[in-house]
Amino acid sequence: MNRVQYLLTKLAEEASEIAQIALKAQQFGLDEKLPGQELTNCDRIEMEFNDLLGVVELLNQEFGCGIIQDHVAIQAKGIKIDKYYQYSIQCGQVEE
């Protein structure tokens, strides 16, 4: 395994950790704290997101990936999510 492969593995790991804590937050709530811990699920999502950004930064610096925030694409994604959220409500799968 070379450096780029290693960093791509780390990128996948961090994305997976975000998915895991998002599912826990869905089950227990954003403000829930594990017994004996100080961080909420929302705090933990933020930490994992920053870990992901750290790997992205390394990929940008070392391999010229040029991964940056595209505010137009981000806004478009929000619109798409809202569209399908409304459709899910119409299908009876999501409550408002």
Side-chain angles (χ1 to χ4, degrees):
M1 178 180 299
N2 62 30
R3 176 74 171 167
V4 71
Q5 291 169 326
Y6 180 79
L7 290 177
L8 292 171
T9 298
K10 292 299 170 188
L11 184 69
E13 282 179 9
E14 296 303 341
S16 176
E17 289 172 6
I18 291 169
Q20 180 184 25
I21 190 60
L23 290 169
K24 295 227 185 255
Q26 178 186 6
Q27 186 175 7
F28 302 113
L30 287 170
D31 295 328
E32 184 263 347
K33 296 177 186 177
L34 287 172
Q37 292 201 7
E38 296 180 15
L39 299 177
T40 66
N41 287 328
C42 196
D43 294 332
R44 294 172 65 208
I45 290 169
E46 180 182 12
M47 286 178 49
E48 295 301 342
F49 180 70
N50 284 317
D51 288 350
L52 179 80
L53 291 177
V55 178
V56 167
E57 185 64 25
L58 289 172
L59 286 166
N60 284 343
Q61 289 174 356
E62 296 179 29
F63 299 98
C65 285
I67 302 167
I68 59 169
Q69 286 188 358
D70 178 341
H71 294 286
V72 172
I74 291 168
Q75 185 177 23
K77 182 62 175 181
I79 292 168
K80 188 175 184 180
I81 286 172
D82 287 342
K83 173 185 171 185
Y84 286 103
Y85 173 69
Q86 293 302 319
Y87 182 64
S88 293
I89 290 170
Q90 290 174 359
C91 292
Q93 298 301 306
V94 175
E95 298 175 6
E96 284 189 85

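Annotation: side chain of L39 is not in contact with side chain of E46 (no heavy-atom distance under 4.5 Å). For the pair E14/E48, a side-chain contact is recorded, criterion being any heavy-atom separation below 4.5 Å from C-beta on. Counting only heavy atoms from C-beta outward, the side chains of D31 and N41 never approach each other to under 4.5 Å. Considering only heavy atoms from C-beta on, D51 stays 4.5 Å or farther from I18 through its side chain.
Rounding to the nearest 0.5 Å gives a distance of 11.5 Å between CD of E13 and CG of L8. Distance check, rounded to the nearest 0.5 Å: CG of D43 to CD1 of I45 gives 9.5 Å. Distance check, rounded to the nearest 0.5 Å: CG of L34 to OG1 of T40 gives 10.5 Å. The line from CD of Q69 to CG of L53 is 7.5 Å long, rounded to the nearest 0.5 Å. To the nearest 0.5 Å, the span separating CD on Q20 from CZ on R44 amounts to 7.5 Å.
The closest donor-acceptor contact from the side chain of S16 to the backbone of A12 lies at 3.5 Å or more, if one exists at all. In this structure a side-chain-to-backbone donor-acceptor pair under 3.5 Å is present from Q5 to N2.
Follow the hydrophobic side-chain contacts under 4.5 Å out from Y87 and you never reach Y85; the two are in separate clusters. Both I67 and V4 are members of a single hydrophobic cluster when ILVMFWY side chains are connected at heavy-atom separations under 4.5 Å. Residues L30 and I21 share a single hydrophobic cluster, defined by chaining ILVMFWY side chains whose heavy atoms lie under 4.5 Å apart.
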